[in-house]
Amino acid sequence: MNDRQSRAGAAAIASFLALAAMPSLVFGVLIAVHDLSVRPGLRAWAACTIAACCAGLLLGRDIGVMTALIRGLAANPAARPARLMVPGMASLGREARHLLRAERLGRTRLANSAAEDRALVERLPDPLIKLDGAGNPVWRNASAAAIFGAETAALLRHPDLRAALAQAQAGGAPVRQGITTAAPVLRDLDATIIPVGGPVYLLLTDRTRERALEKMRADFVANSSHELRTPLASLIGFIETLRGPAADDPEAQQRFLTIMSEQAGRMQRVIADLLSLSRIEISEHQPPQDRLALPPLLARLIAGMEPMLTAADTRIDVTIDETLPEIPADADQLAQLFTNLFDNAIKYGKRGGRIKLHARASTGDDRFAGGGVLVSVIDDGPGIPREHIPRLTERFYRVDKGRSRAVGGTGLGLAIVKHIVNRHRGRLLIESTEAAGTNFTVWLPN
Ligand code: ADP
C-alpha cells in the first residue's frame with residue numbers, strides 16, 4: 001500500500017467516525033436520560049448511522065467527481081463530468097465549469113492582448129530599447145536593430161543620454177533629451193526615457209530630416225535675402241553718389257545708371273525665379289493632367305532662342321523623334337524647364353560652340369523607370385567637376401559664382417528644373433566630362 005492509498009484510507013476512517021459521531025451522541029444522550037429505551041434506541045442509532053454513512057459516501061464520491069472534473073477542465077474545457085448523485089452538486093458542477101471557462105477565456109484574452117502589444121512595439125517605426133536598472137540593453141525592437149545594429153552600445157554610452165537616463169531613474173518620471181550621434185551616420189535624435197519601475201524604456205525619434213529641412217529653410221531665407229541685399233546695397237550706394245558727388249557729372253551718371261539698371265534687372269530675375277519656384281512647389285503634389293505633344297513646344301522654344309544663339313555665336317543641332325508619345329504635362333512649366341536648360345547650355349557652353357537637342361521615345365532605359373520621352377540638352381562647354389554635380393539642383397548653388405553672376409544667373413534655374421521634373425514624376429540625369437561638355441537628360445513618363 002502506497003502513501004497516497006494509506007492517506008485515503010485514514011481519511012475514510014476519519015470521515016466514518018465523524019459521520020457516526022453525531023447520531024451516537026444524540027442517541028447516547030436520549031438513552032442516558034431514559035427518553036428512549038435501550039433496544040429501540042440502539043436500532044434507531046444503527047439506522048441513522050448507516051444513513052449518515054451512505055450520505056457521506058455519496059457526497060464523498062461526488063466531491064471526487066467534481067475534483068476530477070475541475071482538474072480535467074483545466075486541460076480539456078469540453079470535458080463532461082460523470083453523473084453526480086447528491087442533489088445540488090450538479091449545479092455546483094455547472095458553476096465550476098462556468099468559472100473555469102471564464103478564467104480560461106480571460107487568460108487567452110490576456111495572452112492575445114500581450115501578443116498584440118508585443119507585435120505593436122516590435123513594429124513601431126521608431127527605435128525602442130529596453131534597458132535593465134543598470135542601463136544595459138535587454139531587448140530592442142526591429143527598428144532599433146535595423147537603425148543602430150551593432151552601434152547600440154556606442155549609442156548608450158552617449159554622455160547626454162547617460163545623464164538623462166540617470167535623471168529619469170532618480171526622478172521616476174519620463175525625461176526627453178536631444179542627442180546627436182556620429183555613428184553609424186550623423187543623426188539628430190530625440191530620446192525619451194521612460195522608467196517603469198526597475199527597467200527603463202528608451203524611445204528614439206529621428207529628427208535628422210526635420211532638422212535638415214529647418215536648416216534648408218533657414219539657409220534659403222538667408223541666401224534669398226543675400227541675393228537681393230547685394231544689388232540693393234549697390235543701388236542705394238549709386239543713388240547716394242548720383243545725389244552727391246556725381247550730381248553734376250553727366251558722364252558718370254550715364255555709367256552709374258547702366259550699372260543700376262543691371263542690378264535692378266538682377267533683383268527682378270531673382271524675384272521672378274523665387275516666385276516661380278514657390279508656385280511650382282505648391283503644385284508639386286498634383287501631377288499634370290493635360291496631354292502634350294512635345295515637338296511643337298520644343299520647336300517654338302528653339303525659335304525663341306535664336307537671338308541668344310546668334311549673340312553667343314552658337315549653333316544648335318536638333319534631332320526630334322516625330323513619333324514621340326504625348327505625355328501628361330504642364331506646357332508652361334515644360335517651356336520653363338527647357339528654356340532654363342537651353343539658357344544654361346548657351347551661357348556656360350563654348351563660345352562659337354554647338355548645342356545638341358535630342359528628343360526620343362523611351363521604352364524603358366535602365367537609368368529610367370519606363371516608357372515616356374527622353375530629352376537631352378548637350379553642350380560642348382567646359383563641363384562640371386564631378387563633386388559639384390549632386391548639388392547643382394540646390395537653390396543658389398553655383399559652381400562658379402562670379403561666372404554665374406556675369407552671365408545673369410540667379411542660381412535657381414536648375415532648382416526650378418528639378419521641381420518641374422518632380423511634379424511630372426520624371427527624372428533628371430546630369431552627366432558631364434570636364435573640358436568636353438555637359439549632358440542634361442530629362443525623362444518624362446507617358
Ligand atoms: P544659374 O542661374 O547660376 O545658371 P542654375 O541653377 O541654372 O543657376 O545652375 C547652377 C550652376 O550650375 C551654375 O551656376 C553653373 O555653375 C552650373 N551649370 C549649369 N548648367 C551648366 C552647363 N551647361 N555647363 C556648365 N555648368 C553649368
Side-chain angles (χ1 to χ4, degrees), residues 125 188 206-232 264-294 296-298 300-301 304-305 325-345 347 359 368-370 372-375 377 389-398 404-405 408-430 440-446:
D188 277 320
D206 196 341
R207 301 271 182 231
T208 318
R209 207 177 125 73
E210 241 170 83
R211 304 257 152 86
L213 278 175
E214 276 165 24
K215 188 175 174 314
M216 239 174 76
R217 229 168 273 148
D219 285 353
F220 178 56
V221 172
N223 286 335
S224 311
S225 336
H226 177 76
E227 291 293 328
L228 293 171
R229 211 182 312 122
T230 316
L232 189 63
R266 183 172 146 197
M267 287 175 75
Q268 209 172 28
R269 283 194 301 277
V270 172
I271 290 169
D273 277 358
L274 283 173
L275 286 175
S276 287
L277 202 54
S278 92
R279 264 198 302 270
I280 298 160
E281 273 186 319
I282 288 169
S283 67
E284 208 169 314
H285 65 284
Q286 282 175 323
Q289 302 295 325
D290 297 341
R291 296 197 74 80
L292 180 82
L294 266 190
L297 175 95
L298 291 172
R300 188 159 43 82
L301 293 178
M305 297 304 270
E326 283 194 349
I327 51 167
D330 179 317
D332 289 343
Q333 287 187 355
L334 286 196
Q336 191 169 10
L337 184 163
F338 292 117
T339 304
N340 286 3
L341 292 183
F342 294 149
D343 199 35
N344 279 352
K347 278 189 320 199
F368 304 101
V373 296
L374 284 168
V375 184
V377 179
I389 292 180
R391 301 196 58 190
L392 286 184
T393 54
E394 286 177 21
R395 292 149 197 223
F396 298 116
Y397 190 85
R398 295 156 165 125
S404 162
R405 294 226 169 91
T410 60
L412 293 170
L414 291 179
I416 292 174
V417 166
K418 183 187 81 177
H419 284 281
I420 295 177
V421 170
N422 285 351
R423 188 187 168 209
H424 287 72
R425 307 297 183 255
R427 283 191 64 192
L428 170 70
L429 183 74
I430 307 172
F440 286 86
T441 299
V442 176
W443 170 69
L444 298 165
N446 61 355

Can you list the steps and then say if L294 with F338 is a side chain to side chain contact (heavy atoms under 4.5 Å, CB included)?
CA-CA 11 Å; L294 266 190; F338 292 117; 4.2 Å; yes
Heavy atoms only: give me the nearest P288-A329 pair and the separation to one decimal.
CB-C, 3.5 Å
What verdict does the side chain to side chain contact (heavy atoms under 4.5 Å, CB included) test give for N340 and I420, after you've listed the backbone C-alpha separation in whole Å, the side-chain angles of each residue and the deciding distance to 0.1 Å?
CA-CA 11 Å; N340 286 3; I420 295 177; over 6 Å; no
Are N344 and V377 side-chain neighbours, meaning at least one heavy-atom pair lies under 4.5 Å?
no
In chain order, what residues pass the side-chain contact (heavy atoms from CB on, under 4.5 Å) check against E210, with sequence neighbours excluded?
R207
Compare all side-chain heavy atoms of L274 with those of F220 and state whether any distance is below 4.5 angstrom.
yes
Please examine the side chains of R423 and D330, heavy atoms only from C-beta on, and report whether any two atoms are closer than 4.5 Å.
yes
Heavy-atom closest pair (R266 atom, T230 atom, distance to 0.1 Å) is NH2-CB, 4.1 Å
Walk me through whether R217 and E281 qualify under salt bridge (charged side-chain N to carboxylate O under 4.0 Å, His left out).
CA-CA 13 Å; R217 229 168 273 148; E281 273 186 319; over 6 Å; no
Residues passing the salt bridge (Lys or Arg N to Asp or Glu O under 4.0 Å) test with R398, sequence neighbours excluded, are E227
Would you name the heavy atoms of P328 and P445 that are closest together and state the gap between them?
CD-O, 3.5 Å
Less than 4.5 Å apart, any side-chain heavy atom of T393 and any of V417?
no
CG (L428) and CH2 (W443) are apart, to the nearest 0.5 Å, by 13.0 Å
Could you please spell out the steps behind the side chain to side chain contact (heavy atoms under 4.5 Å, CB included) verdict for H424 and I327?
CA-CA 9 Å; H424 287 72; I327 51 167; 5.7 Å; no
Flag the pair S283 / Q333 as yes when at least one side-chain heavy-atom distance between them is below 4.5 Å, and no otherwise.
yes
Are the side chain of R211 and the backbone of R209 linked by a donor-acceptor contact shorter than 3.5 Å?
no
Atom pair CG/NE2 of L412 and H419 - distance to nearest 0.5 Å
10.0 Å
Could you tell me the separation between the CD1 atom of I282 and the CD atom of E284, rounded to the nearest 0.5 Å?
11.0 Å
By salt bridge (Lys or Arg N to Asp or Glu O under 4.0 Å), D332 pairs with (sequence neighbours left out) none
State, to 0.1 Å, how close D273 and T410 come at their nearest heavy-atom pair, and which atoms those are.
OD2-OG1, 2.6 Å
Taking C-beta and beyond as the side chain, do L341 and V375 meet within less than 4.5 Å on heavy atoms?
no
Any residue meeting salt bridge (Lys or Arg N to Asp or Glu O under 4.0 Å) with K347, in chain and number order, not counting sequence neighbours:
D343
Using every non-hydrogen atom in the two residues, find where G372 and P325 come nearest and quote the distance to one decimal.
O-CG, 3.7 Å
Going by the rule salt bridge (Lys or Arg N to Asp or Glu O under 4.0 Å), which residues pair with R229 if we only count those two or more places apart in sequence or in a different chain?
none
Hits for side-chain contact (heavy atoms from CB on, under 4.5 Å) against A335, two or more places apart or cross-chain, chain-then-number order -> L297, L301
D219 bridged to K215 by N-O distance under 4.0 Å:
yes
